[in-house]
Asks: 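I'd like to ask some things about the structure below.
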Number of protein chains: 2
Amino acid sequence: MNEKFFDLPQEKQERIINAGFRVFSRNSYKKSPVQQIADEAGISKSLLFFYFKNKKELFLFLMKKVEEITTQALLASKCYEASNIFDMMYLGLVAKVGIMKDYPDITNFSVKAYYDDDPDIRDDVRKIVQPYTKLETNRSIPPLDPKDFKEGIDLRLMYRDMYLASEGYIWQMSQTSVIDVKKMMQEYKEMIEFWRELYARKEDK
Amino acid sequence: MNEKFFDLPQEKQERIINAGFRVFSRNSYKKSPVQQIADEAGISKSLLFFYFKNKKELFLFLMKKVEEITTQALLASKCYEASNIFDMMYLGLVAKVGIMKDYPDITNFSVKAYYDDDPDIRDDVRKIVQPYTKLETNRSIPPLDPKDFKEGIDLRLMYRDMYLASEGYIWQMSQTSVIDVKKMMQEYKEMIEFWRELYARKEDK
DNA sequence: TTCGTCATTGACCGAATCGGTTAATACCAT
DNA sequence: ATGGTATTAACCGATTCGGTCAATGACGAA
């Protein structure tokens, strides 16, 4: 790709990236017209082909961009440093919501890209995504210390409950065109505190 | 449309319907080729145009089919007759999973169709979907009697928790190509019993 | 076998759309 | 004006699209 792309003002870069996410998330790779991406980005198709030598290069660039954006946001959220599962989940989802505010179609794009089996891109997508899926720590249960929680609680099911509800949250958000971030955040915060009250062992010093 | 479609053997009808769900769920209306639907259904494009006079008629037929399938399955599941919220949610999701076993792409199809804003179909889709969204009872909280649940539980948040987790379940299922119905059902059953133990007031006669 | 009926298809059409190229233009500092 | 850079309109050959229609196949009645 043409390195001059990175010299563009940040706002223009993001406009192009978001247009790519949007168009590729609504159609398969093959059926996504470069023309439409250019239109939604407010530039000409020719210019897009000036920065990216062809459709495939643009697509794979967007794939790598997803990884970059998410890992960076999760790191910045400090969710991995949280002292308990509730704070960890909250910080994690706040980070994801923040991402979706800036890149509304990033979730649908990555899901779509992952399951696209077009021979033109399939292998390259696997190659990019592989290291990312290996550290998929969310689905499997993280190490939890029983003494942090009320007695008689099945920690496996507790975590599954919270994980699935969080997934449901993100899914709902990804389906609505206009995202009310403030409200979503507030509602999830409520949810977390509800769980904390429900599951966590009360501290008595 | 040609009424002879309904004279076809059930299996062939479903093959065509599923092919339609599948193709339309992977691309926008305009970018979904009728040819591909015919291929996946194992018939010729000409025959498809014999039963449905054009692409739009086929699409709108599928839209109505979604409504028919879901309302019928939910009614048959007797989830509305359940005596408590836990059984109700369980029966409701069992019904939805059953649908997805027969029509794996129905969820993605209906979501996609709902948000497609192609002027060719937009207005007709709204017209079909409108009465269906009005009785959207799941998102809003159903009437719950506090004396059925443990004290101190915020019933609003309790329901939101269960609703979101169920959504997360369905979303996960709709994303995986091969659906292990048995396992999914079993896991959700576990989840329900976990909630019942957690939320429901113990009966002492 | 022959005929007639009806389901089904291959071949075809004009129009539209695709990814990609290129020569020309707009813009701007000197 | 000049030169260089960012950006585009116009264009290309190839492909794909929705839709049509004459031809084919299957099959039972005669």
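Chain naming here is simple, since letters A, B, ... match the order of the sequence lines and numbering starts at 1 in each.
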Asks: Of all the choices, C/dG19, D/dG19, C/dA7, which nucleotide is nearest to the side chain of B/Phe50 once you look at every atom?
Replies: C/dA7
Asks: Just the rounded figure in Å: distance from C1' of D/dA9 to CG of A/Asp39.
Replies: 13 Å
Asks: In whole Å, I'd like the distance from the CG atom of B/Leu48 to the C1' atom of C/dA7.
Replies: 14 Å
Asks: C/dT9, C/dC18, D/dG18: which one has an atom nearest the side-chain heavy atoms of B/Ser44?
Replies: C/dT9
Asks: Are A/Phe109 and A/Phe59 close enough that their ring centers fall under 6.0 Å?
Replies: yes
Asks: Please give, in whole Å, the distance from D/dA6 P to A/Ile43 CD1?
Replies: 14 Å
Asks: Quick check for you: to the nearest 0.5 Å, what is the distance between A/Tyr159 atom OH and A/Trp195 atom CH2?
Replies: 10.5 Å
Asks: Within this structure, what is the CG-to-P distance between A/Asn54 and C/dT21, rounded to whole angstrom?
Replies: 8 Å
Asks: Just to confirm, is there a sub-4.0 Å distance from OP1 or OP2 of C/dT5 to any side-chain nitrogen or oxygen of B/Lys4?
Replies: no
Asks: Do any side-chain nitrogens or oxygens of A/Lys31 fall under 4.0 Å of OP1 or OP2 in D/dC17?
Replies: yes
Asks: Side chain of A/Phe49 only, heavy atoms from C-beta on: which candidate in C/dC18, C/dT8, C/dG20 is closest?
Replies: C/dG20
Asks: Does B/Lys56 place a side-chain N or O at less than 4.0 Å from the phosphate oxygens OP1/OP2 of D/dG18?
Replies: no
Asks: Is a salt bridge present between B/Lys30 and B/Asp116, judged by a nitrogen-to-oxygen distance below 4.0 Å?
Replies: no
Asks: Just how far, in rounded Å, is P of D/dG4 from CG of A/Asp7?
Replies: 19 Å
Asks: Rounded to whole angstroms, how far apart are CD on A/Gln35 and P on C/dT21?
Replies: 15 Å
Asks: Please evaluate the base of D/dG18 for a donor-acceptor partner in the side chain of B/Lys45 within a cut-off of under 3.5 Å?
Replies: yes
Asks: Testing A/Asp124, A/Asp120, A/Asp123 for salt bridge (charged side-chain N to carboxylate O under 4.0 Å, His left out) with A/Lys56, which one passes?
Replies: A/Asp124
Asks: Could you state the atom-to-atom distance from CG of B/Leu47 to P of D/dC21 in whole Å?
Replies: 17 Å
Asks: Is A/Tyr115 reaching over with its side chain to a backbone N or O of B/Gln175, donor-acceptor style, under 3.5 angstrom?
Replies: yes
Asks: If I take atom CE in residue B/Met1 and atom P in nucleotide D/dG19, what distance separates them, rounded to the nearest angstrom?
Replies: 15 Å
Asks: According to a strict under-4.0 Å criterion, is A/Ser46 in side-chain N/O contact with OP1 or OP2 of D/dT8?
Replies: no
Asks: Measuring to OP1 and OP2 of C/dT8, would you say a side-chain N or O of B/Tyr51 lies under 4.0 angstrom away?
Replies: yes
